[in-house]
Visitor: 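The structure follows.
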Amino acid sequence: MELEIDIARKAFRLAGGGERLVFDHFALRIPEGATVALLGPSGCGKSSLLRIIAGLDRDFSGAVHGAPQRIGVAFQEPRLLPWRSVADNLRLAAPHLDNSALNALLMAFELEGRGADYPGQLSLGLARRVALARAFAVEPELLLLDEPFASLDRALHLRLRALLTQRIGATTTTTLIATHDLDDALLLADEIIFLEPGPARIRGRLPIVTPRGQRDEILTKIRASAMIYYVMDAPGNGNQEDAS
Amino acid sequence: MTRLVSIVLFLALWQIGARLLGPHYLPEPVAVAGAMIAEARSGELAFNLGMTLARVLASFSLAMVLGSALGVALGRLPRLDRLVDPWVVILLNIPALVVIMFAYIWGGLNEVSALAAIALNKLPNAVVTLREGARALDPALDEMAQVFAFSRARRWRHVVAPQLAPFFAAAARSGLALVWKIALVVELLGRPNGVGFKMNEAFQLFDLKLLLAYALPFVALMMLVESFVLRPAEQAASWWRRNGA
């Protein structure tokens, strides 16, 4: 089923009074089975959009149609239960997992031997992987990944991206990835939706036809094709908006 | 080792003080030990300690269960909190003695009134602590549980309860100290047995030996409960904080 998002209006109240308009007559259609990257500077409403689709934010006027029951979400922070082991964190979200499925899952996310660890013992990179594994574990009909590589150093970022590229390639689940990094979007998605802030507007949609495995070699070329829509995230600019 | 030295030093000071003040003001440790043994032989000591302990445990459990339930409800429902908060503040500030007297006057001099009076004195304390705990629940984890469709039972057991456990343990620890002190007053005012009753008897007779013979074992008992039950429980409640980064 196609995902239909129509947000007539969504605003956040600001601490100092007044409000910030995030969406104003915003509409988006996502075909079933597509892997779509939402690309835009920080504060342009990517996370808000994912939260609305996930049903976590109902304080808006408009409607979302076609959002399935089983949704797998990887939040920007891992959001694991610190008092439960990695294996239990996965099983609590996905009770159907038996031991062999659990081990296969840990293997797929390069978490072998980590099942008994507690989240406090994991680095951020590993905790992220557990959070991603949890999102995939529920066999979702819709996957929402919010900045899956935020706050990771360059090397970890690349490694996790390679891993996630494989995982996404192996499913046919409708997937939405929020990111501010052009290369992430180019390597992971079938289609990039370029967003610009204040209130969010779709600047353009760019389908990527090259199969995922072959994109690394021609990255420079496809990067050039994205430049017509892409607005650089000015240093410091986006973060200020986040804080407001 | 240091503890042992400390106890020996305490006994030595007591002995010296007793010599200086004389038995009418402070009986010697040996005399108190004698009275203690006499009470123990007759079975009086065990019986009265047992009665008080039973009252402490019953009213403590009652206050913790009701207080926690109410505290969590208030922490989760701000409108209910605004309604009930003034009552909690009043109850927190009413002198224990007043609560006890009203309980005896309204309910009669019986066990139920006694337990209610003790529990009611502890209740607001548990309410306030658990309310803080419920307010501090992490909304991020709540959202996670919602997205992954945790059932109600699963959410309570795996998401909410572990976050409340340290608050519950803190309320329990501070609560026991409060409850046993109040239990003695309740017994003194209206019960025919228990440590508080015996202390009253000793006071009437100016029998300081008897007073101390009951006070010391009871304090020791409460210290044992505190260090072997409550403190380990409190540490167990937040073990996962130390288990990691």
Side-chain angles (χ1 to χ4, degrees), chain A residues 47 50-58 67-97 114 116-127 130-131 133-146, chain B residues 64 68 71-72 75-79 82 129-130 132-173 230-245:
Chain A
S47 292
L50 293 191
R51 290 173 55 80
I52 284 175
I53 297 170
L56 290 174
D57 188 346
R58 300 188 192 277
Q69 279 293 307
R70 254 178 309 136
I71 302 181
V73 179
F75 297 94
Q76 236 178 81
E77 331 79 57
R79 300 200 186 179
L80 303 172
L81 298 172
W83 40 83
R84 295 286 181 266
S85 68
V86 166
D88 284 344
N89 265 285
L90 296 174
R91 274 199 217 103
L92 282 169
H96 64 275
L97 280 185
R114 293 291 187 168
D117 285 4
Y118 283 85
Q121 297 166 303
L122 303 178
S123 65
L124 177 61
L126 284 173
V130 178
R134 181 175 60 186
F136 279 81
V138 300
E139 289 172 2
E141 296 162 276
L142 174 64
L143 255 177
L144 304 174
L145 310 179
D146 191 0
Chain B
M64 285 304 293
S68 301
V72 171
R76 298 293 268 179
L77 309 168
R79 289 178 73 182
R82 277 194 292 278
T129 310
L130 267 292
E132 260 348 283
R135 280 178 184 159
L137 288 174
D138 187 353
L141 292 179
D142 230 34
E143 288 186 353
M144 185 279 291
Q146 189 188 333
V147 160
F148 288 104
F150 280 34
S151 66
R152 186 175 276 262
R154 176 167 295 201
R155 201 181 284 212
W156 271 98
R157 180 160 162 220
H158 298 284
V159 182
V160 177
Q163 294 185 72
L164 291 179
F167 291 87
F168 186 83
R173 257 186 92 177
L230 289 180
R231 204 177 310 170
E234 186 172 15
Q235 286 185 353
S238 57
W239 58 272
W240 52 268
R241 277 185 215 278
R242 294 182 306 281
N243 197 333

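Convention: sequence-line order gives letters A, B, ...; per-chain numbering from 1. The shown structure was predicted, so the numbers you read here are calculated from the model rather than taken from an experiment.
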Visitor: I'd like to check the ring pair (Phe, Tyr, Trp, His ring centres under 6.0 Å) partners of F75(A); sequence neighbours left out, ordered by chain and number.
Guide: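 Applying ring pair (Phe, Tyr, Trp, His ring centres under 6.0 Å) to F75(A) gives none.
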Visitor: Tell me the residues of residues 80-88 of chain A whose non-hydrogen atoms fall below 4.5 Å from those of chain B, in number order.
Guide: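 Only L80(A), L81(A), P82(A), W83(A), R84(A) of residues 80-88 of chain A have a heavy atom under 4.5 Å from chain B.
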Visitor: Please indicate whether R76(B) has more than 12 foreign heavy atoms, meaning atoms of other residues, nucleotides or ligands, lying under 6.0 Å from its CZ.
Guide: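 For R76(B), atom CZ is not crowded (no more than 12 foreign heavy atoms under 6.0 Å).
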Visitor: Please flag which part of A140(B) lies under 4.5 Å from any non-hydrogen atom of chain A: side chain, backbone, both or neither.
Guide: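 Both backbone and side chain.
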Visitor: Counting only non-hydrogen atoms closer than 4.5 Å, does E143(B) touch chain A with its backbone (N, CA, C, O), its side chain (CB onward), both, or neither?
Guide: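 Both the backbone and the side chain of E143(B) come within 4.5 Å of chain A.
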Visitor: Distance check, rounded to the nearest 0.5 Å: F148(B) atom CZ versus R79(A) atom CZ?
Guide: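 Rounded to the nearest 0.5 Å, the CZ-CZ separation comes out at 10.5 Å.
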Visitor: Do you know which two heavy atoms are closest between P95(A) and R154(B), and how far apart they sit?
Guide: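 Smallest interatomic distance, heavy atoms only, reads CG-NH1, 3.0 Å.
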Visitor: Which bit of R70(A) comes within less than 4.5 Å of chain B, counting heavy atoms only: side chain, backbone, both or neither?
Guide: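 Contact with chain B: none, neither part.
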Visitor: Please report the interatomic distance CG(L92(A)) to CE(M144(B)), rounded to the nearest 0.5 Å.
Guide: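 One gets 7.5 Å once the value is rounded to the nearest 0.5 Å.
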Visitor: Of all of H158(B), Q146(B), Q163(B), which one pairs up most often with chain A through heavy atoms under 4.5 Å apart?
Guide: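 Most heavy-atom pairs within the cutoff with chain A belong to H158(B).
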Visitor: Quick one: what part of V138(A) sits under 4.5 Å from any heavy atom of chain B, side chain, backbone, both or neither?
Guide: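 Side chain of V138(A) only, per the 4.5 Å heavy-atom cut-off to chain B.
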Visitor: Heavy-atom pairs under 4.5 Å with chain B: which of A93(A), P119(A), P140(A), S123(A) has the most?
Guide: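 Most heavy-atom pairs under 4.5 Å with chain B: A93(A).
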